[in-house]
Each structure stands twice: as C-alpha cells, then as structure tokens.
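First the proteins, then the strands, lettered A, B, ... as listed; each starts at 1.
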There are 2 protein chains.
Amino acid sequence: MAEKVTSLQVAERAGVSQSAVSRVFTPGASVSSKTADKVRKAASELGYRPNVLARAMVKGKSRIIGLVVAYLENFFYPETLEKLSNALQEQGYHVLVFMTKQTAQNIDDVMEEILDYQVDGIVMASVAMSSDIASRCQQAGVPIVLFNRSQDIDGITSVTSDNYAGGRKIAQFLVEGEHERIAYIAGWDGASTQRDREAGFRAALQEMGREIFAREEGNFQTETARAAARKMFSAAAEARPDAVFVANDHMAFAVMDVLRHELGLRVPEDVSVVGYDDVPPSSWPSYNLTTMRQRANAMVEETVDALMSHIQSPEEARPRRVAIDGPLVVRGSARVPNEQKKA
Amino acid sequence: MAEKVTSLQVAERAGVSQSAVSRVFTPGASVSSKTADKVRKAASELGYRPNVLARAMVKGKSRIIGLVVAYLENFFYPETLEKLSNALQEQGYHVLVFMTKQTAQNIDDVMEEILDYQVDGIVMASVAMSSDIASRCQQAGVPIVLFNRSQDIDGITSVTSDNYAGGRKIAQFLVEGEHERIAYIAGWDGASTQRDREAGFRAALQEMGREIFAREEGNFQTETARAAARKMFSAAAEARPDAVFVANDHMAFAVMDVLRHELGLRVPEDVSVVGYDDVPPSSWPSYNLTTMRQRANAMVEETVDALMSHIQSPEEARPRRVAIDGPLVVRGSARVPNEQKKA
DNA sequence: TTGAAAGCGCTAACAT
DNA sequence: ATGTTAGCGCTTTCAA
C-alpha cells in the first residue's frame with residue numbers, strides 16, 4: 001500500500017526545492033537542464049506524477065468538462081460521446097458524465113452538482129435548461145454549449161444540425177419522388193430538433209402547394225412510434241400515407257418494422273420512409289434507411305471549439321448558434337425521382 | 001462575472017468562523033441549529049456550495065471513478081455506461097471518461113492520466129491491462145474492476161457474464177434444434193469474452209459428440225464479420241452450415257444481413273443464427289435475434305458493489321471474479337426443438 | 001459547540 | 001535559475 005508521492009519527496013531525493021520540481025512539470029517554466037534531469041530521475045524512481053486536483057485548485061482550472069445527458073438510447077449519442085471525449089482529450093480535458101432525467105428540477109440539481117466540481121465548461125446534450133441556471137453558470141463564468149438543442153436564451157451557445165433545412169430537404173425529396181400522401185411522425189415536442197424539423201418540413205411542403213396528409217406523435221420513443229405507425233397506416237390503401245418522414249432514425253426503425261412485420265406493407269413500394277440522424281443501423285441492409293445525416297464530427301468540432309475559445313478568452317468570445325448542414329443520404333427506404341439510383 | 005463564493009465569505013456574512021461553515025456542510029458534524037440556520041441563510045443568499053475539489057484534496061478522496069473504454073460502437077456499452085453512471089451517482093460518485101485505443105501503450109498512458117486525477121476507483125470496460133499497471137494501481141490503493149473482461153492477474157476484480165456457460169447453452173440449444181452443421185464466427189481473440197464463449201461452445205459440443213463444422217474470424221467488427229459470413233456461406237447447401245453462433249450481436253446483425261440480402265438465404269429456414277449480448281436491436285422485428293442475454297443491471301450492480309467495498313474497507317475487501325449467468329433469449333432467428341415456440 | 005491553526009499538494013509571485 | 005513564501009478552499013485536530 002504505497003503512499004502518494006508528492007513533489008516534496010521528489011525534491012528531497014533530487015536535492016532541490018519543491019518549487020523546482022513544480023517547474024520541471026510546468027511547461028515553459030525556467031529550469032536548467034541539470035536540475036530538470038535530477039528531478040526527472042528522482043520523479044521516475046519514485047513514480048511521481050503531479051496531482052491534477054491540487055493543480056486545479058491553485059490555478060482555478062480543473063480541465064474537466066461536465067457532460068449532461070438524458071439518455072444514451074438514441075444511437076446518435078454514444079457516437080457523439082466517443083468523439084467528444086476524444087476531441088477533448090486531445091486538448092487535455094476530460095469528460096465528467098452526469099446523467100439526468102429530462103425534468104426541470106433534475107436538471108437544476110445536476111447543474112449544481114456539476115458546478116461543485118469546478119468544471120471549466122459544460123456540454124448539455126439534448127437537455128433543456130432553465131434560464132435561471134443559464135445565468136447562474138454565466139455568473140460562475142462557466143461556458144455552456146447546448147448540443148443538439150437550441151434555446152432562445154440570450155448568450156447561450158448551441159450546436160445543432162440545420163434541422164429546419166433538413167426538414168425542407170426531406171419535403172422536397174418526397175415531393176420529387178411523386179408521393180401523394182405525405183405524413184409526419186413527430187418527436188417529443190419539447191425538443192427544438194423536433195420543432196425545427198417539422199417547421200422546415202411543413203414550410204417546404206407549403207411552398208410546393210402541398211400539406212401534411214397525416215401526423216402522429218412518436219415522442220422519440222420506440223413504443224410510441226410503433227403505436228403512431230399502427231394508427232397512421234391501418235387504413236385502406238387509398239386512405240393511408242404513401243410516404244412518411246419520421247422525426248428521427250430511432251423511431252424510423254420501429255415504424256419500418258411495424259409497416260413490414262405487422263401490417264404487411266412493403267417499404268418503399270407501398271410506403272416510403274425517411275428518417276433523421278443517420279445512425280449506424282440506418283446503413284444496415286435490413287433498414288437501408290434514407291435519412292438526413294447529422295454530421296457528428298463537425299458538430300463535435302464546433303462544440304469543442306466554442307468551449308475552448310470561451311475558456312481561453314472569456315471576454316472576447318461571443319455566444320454562437322451553429323446549425324450544421326448535412327446531406328440527405330439516399331438509400332432504399334424511399335422511392336426516388338426517376339433519374340436517381342439507390343445506394 | 002461574479003466570483004467564486006467561498007466558505008470564508010459565508011462565514012463573515014453569518015458572523016461565524018470559517019470552520020463553522022464547513023461543519024454545517026459536513027454531515028454528522030457538531031453544530032448548534034442556531035449556527036446552522038445562520039450559515040444556511042448566508043450560504044443561500046450568496047449562492048455558496050462547497051468546492052468539491054478542495055474537499056477532495058484534504059480528504060484524499062475525489063468521489064470520481066475513472067472509466068476506461070475503447071469504443072462505444074457495440075451497443076452493449078452505451079447501455080452499460082448509462083446504468084453505471086446512474087448507479088454511481090446514487091452513491092455520490094461521478095464518472096470521468098477516458099477513451100483509449102486497445103493497445104498496451106495507450107492503455108498504460110491513459111492509466112497514468114487517470115491516476116493523476118486521484119480517482120477513487122477505476123472501471124475498465126473491455127480493455128485489457130498489463131500486470132504492471134495493475135500493480136501500480138494496487139500500490140496507489142486505487143481499486144480496479146474489469147468490466148466484461150477477465151484476466152489472470154492476481155488480485156484483480158472482474159465482472160462478466162458467464163461466457164463459458166453461455167457458450168454451452170448455445171451449443172445445447174443448437175443441437176437440440178437438430179442442426180447438422182454448426183459453425184462459429186469468432187470475436188477478437190484478445191478478448192476473454194471471445195475465448196470463453198468459444199471454449200464453452202466447443203466443450204458442450206464435444207460432450208454431445210459433435211464439433212464445429214466451420215469457423216471464421218469476425219473480430220467483433222462489422223466488416224470483418226460480413227467477410228466471414230460470405231466466406232462461410234458461399235458453398236452449396238449441403239456444404240455450408242445450417243446454424244451459426246456469432247460471438248456477439250453486433251456481428252450477428254451483419255451476418256444476418258449478408259445471409260438474407262447478399263446470399264438470398266432465409267433465417268432461420270436455411271440457417272439459424274444465434275448471437276450474444278441481447279442489445280436493443282436484437283429484439284427489433286427485423287432481426288428478432290436469439291441471443292444470450294448479458295444482464296447489464298446485475299453486472300453494473302456487482303461492479304459498483306465491488307468498487308464501494310474496496311473504497312470503504314480497503315483492507316478487508318477481497319478481489320472477486322464474478323461471472324453472471326443469464327438466460328438464452330429465444331426469438332425467431334434460429335430453429336427450435338419441436339415443443340418450443342418462438343417469442 | 002465553537003474558533004484558531006495547521007495542512008492537503010500544488011503554482012506563482014518575489015527575492016536572490 | 002532557484003529557493004522562500006504565500007496562498008487555492010476546504011477539513012480536522014486542538015483548545016477553549
């Protein structure tokens with residue numbers, strides 16, 4: 001049960017002062033190479049490494065980023081978490097995870113906890129936030145970025161895909177594919193992603209002189225999405241949609257399964273399905289889902305960049321609201337305009 | 001840009017000493033309710049909360065658990081991470097994430113970093129570890145638990161499903177299902193999960209006077225698994241397997257897709273497929289995969305329990321090697337013995 | 001019960 | 001270039 005090795009012990013063994021040891025481990029400090037050598041030798045003999053927490057205390061920077069996340073069940077998030085964590089690691093930061101339920105009280109509680117850890121920044125993935133809390137963080141000087149959510153709170157940075165544009169693209173694609181009865185299965189309406197996707201979808205439809213033929217709520221959940229699909233597609237052929245935009249891939253899989261395995265409908269022959277996210281299973285042959293890609297890499301890059309610039313120059317950094325455009329990935333789950341081929 | 005509120009400021013406002021403030025926020029310390037009230041009032045007016053890092057320094061306990069993880073692409077891990085984080089949060093701990101590549105050097109580096117954060121414990125998910133590093137942590141008094149991996153290092157705690165027993169069950173199930181040519185698609189052989197699953201599978205087969213008809217390497221990766229499936233099933237009907245155990249679900253999906261969509265084979269009529277893990281897509285109707293369930297909840301519970309007992313009583317706590325049994329979840333991807341029904 | 005004081009392991013002036 | 005000193009914000013003796 002060896003004890004913790006401190007810089008003082010290293011100093012004694014190397015025959016230098018404790019601050020000399022500190023300097024050796026501080027990039028850009030002034031130490032002679034002779035001292036440095038002695039110290040490094042002593043340090044490695046003792047197995048010494050600086051205590052990050054102690055350093056954090058004196059510098060007032062923990063190099064910890066708090067990540068608040070509500071659920072990992074949508075496969076877009078694991079992907080994101082992995083990329084985010086990697087990107088942050090490269091900058092010398094690490095991610096401290098806080099799971100929370102999507103209720104105001106929970107979120108507020110969790111935010112307090114996060115702040116207790118003196119994090120240098122916070123990423124909220126798919127979690128809404130009270131403006132109270134927002135200003136509390138601003139006071140504490142801790143930058144927040146909303147990931148995959150945007151909110152109309154002043155001075156809050158958010159990074160999303162361009163959900164409005166995405167909704168528009170899908171509407172266009174479906175109309176060009178000569179669909180007659182275009183439906184929508186919505187996500188949870190508390191989410192800006194849901195609202196923006198639907199708004200873009202409807203707007204584009206309207207511009208083309210069309211409108212939504214049917215709409216059900218899927219709430220971003222498998223079971224609810226299944227129920228929505230059953231309800232929407234139980235009618236006779238002429239009375240049911242021949243195309244449906246499902247607000248995310250996670251629900252789209254559930255919808256496709258109901259269509260094919262419960263209702264005996266063919267996709268895309270009887271009904272076209274389009275999703276949103278482009279998570280891994282979307283490209284699996286069983287689903288082969290046409291979907292809007294959320295560019296996780298780009299979104300993570302923006303997030304890290306925003307965080308870093310706020311940390312490095314709190315005064316100059318301006319809040320930003322980034323909406324990243326992505327391609328519509330055309331696969332086989334939806335009929336396409338004549339000239340196109342499916343992937 | 002409000003500054004950090006310290007216990008000293010609270011003390012001044014409440015007209016008490018700084019240590020009185022500390023006591024109020026220390027469960028089980030002796031303070032009169034009069035003092036406590038004054039302090040709490042001042043604290044909430046100022047928005048004071050104790051600095052966890054400072055507390056960590058003096059107590060030598062950070063209430064941070066380091067999680068080392070190699071990839072989140074197997075859907076078993078997001079699930080695990082969510083549950084683990086929640087369970088730990090309930091105990092007042094939080095998870096600091098370290099992503100790493102599966103190479104010895106990387107892992108060692110990451111472990112050093114982790115130790116720098118003075119974590120109270122470490123969970124390694126699907127990551128192997130040198131015995132060097134193991135003893136380094138033991139020296140530092142930091143308990144480690146290997147999650148979903150076991151290693152023959154003395155004194156190391158590991159929590160897995162009972163992979164050997166799982167392999168056996170699958171062999172039995174396949175033989176009872178009257179399969180003639182039973183094949184295996186292996187995972188990465190560096191993983192104990194792969195080795196144990198295969199060992200149990202082979203042992204049971206042998207006891208029944210049978211053996212593996214064909215074997216390919218899938219390496220736990222989608223593309224490699226696809227290639228394995230193509231190679232294994234390109235032969236004529238009599239020369240190819242009529243059943244295959246794929247070492248995890250992630251690969252099993254890829255295999256099923258190749259079987260159905262590339263090779264035009266029916267599952268389970270032409271070939272039965274069984275996986276391992278029971279991740280969410282396994283129960284989706286498109287796959288409806290028969291698979292061994294890994295009981296994530298139980299595994300997480302054991303992990304947290306092991307961690308807590310080592311933290312609370314480092315002396316008494318014994319290393320444990322837990323292998324949690326799980327059920328074979330029978331769905332539609334494999335032919336079953338006559339009397340059974342599929343789910 | 002309460003305050004004063006020491007100290008957790010480190011960094012950052014300040015002097016030399 | 002290097003040592004000395006003063007904290008970072010807190011918990012925990014030790015006296016009172």
Inset, instruction - Starting at atom CD of B:Glu12, determine the distance to atom C1' of C:dG3, rounded to an integer number of angstrom. - result: 14 Å

Inset, instruction - Give B:Val16 one of three labels, base, sugar-phosphate or nothing, depending on what nucleic acid heavy atoms sit under 4.0 Å from its own. - result: sugar-phosphate

Inset, instruction - Could you walk me through whether B:Ser22 and B:Ser19 pass side chain to side chain donor-acceptor pair (under 3.5 Å), step by step? - result: CA-CA 5 Å; B:Ser22 173; B:Ser19 29; over 6 Å; no

Legend entry - For atom CD of B:Gln18 and atom C1' of D:dT12, their distance in whole Å: 11 Å

Legend entry - Presence of salt bridge, B:Arg320 and B:Asp305, under 4.0 angstrom: yes

Inset, instruction - Would you mind reading off the distance between A:Lys61 atom NZ and D:dG9 atom P, rounded to a whole angstrom? - result: 13 Å

Legend entry - Residue list, ring pair (Phe, Tyr, Trp, His ring centres under 6.0 Å) with B:His94, at least two apart or on another chain: A:Phe98, A:Tyr117

Inset, instruction - Give a yes or no on whether the backbone of B:Ile133 and the side-chain of B:Ser130 come within a donor-acceptor separation of less than 3.5 Å. - result: yes

Inset, instruction - Tell me whether the OP1 or OP2 atom of D:dG3 has a side-chain N or O from A:Ser19 closer than 4.0 Å. - result: no

Inset, instruction - Could you state the atom-to-atom distance from CG of A:Leu8 to C1' of D:dT4 in whole Å? - result: 13 Å

Inset, instruction - Quickly work out the A:Asn51 CG to C:dG9 P distance and round it to whole Å. - result: 7 Å

Legend entry - Spacing between B:Lys59 atom NZ and C:dA6 atom C1', to the nearest angstrom: 17 Å

Inset, instruction - Ignoring the backbone of A:Val31, work out which of D:dT2, D:dC10, D:dG3 is nearest its side chain. - result: D:dT2

Inset, instruction - Using a cut-off of strictly less than 4.0 Å, decide whether A:Ser30 has a side-chain nitrogen or oxygen near OP1 or OP2 of D:dA1. - result: yes

Legend entry - C:dT1 phosphate, OP1 or OP2, under 4.0 Å from B:Thr35 side-chain N/O: no

Inset, instruction - Using a strict 4.0 Å threshold on nitrogen-to-oxygen distance, state whether B:Asp120 and B:Lys59 make a salt bridge. - result: no

Inset, instruction - Report yes if a side-chain nitrogen or oxygen of A:Tyr48 is closer than 4.0 Å to either non-bridging phosphate oxygen (OP1 or OP2) of C:dC10; otherwise report no. - result: yes

Inset, instruction - Would you mind reading off the distance between A:Leu53 atom CG and D:dT11 atom P, rounded to a whole angstrom? - result: 14 Å

Inset, instruction - Look at B:Ser22 and D:dT11 and indicate whether a side-chain polar atom (N or O) is within less than 4.0 Å of OP1 or OP2. - result: yes

Inset, instruction - Take atom CZ of B:Arg23 and atom P of C:dG3, then tell me their distance rounded to the nearest Å. - result: 8 Å

Legend entry - Residue met sooner reading DNA chain C from 5', once A:Thr6 and B:Ser32 are mapped to nucleotides: B:Ser32

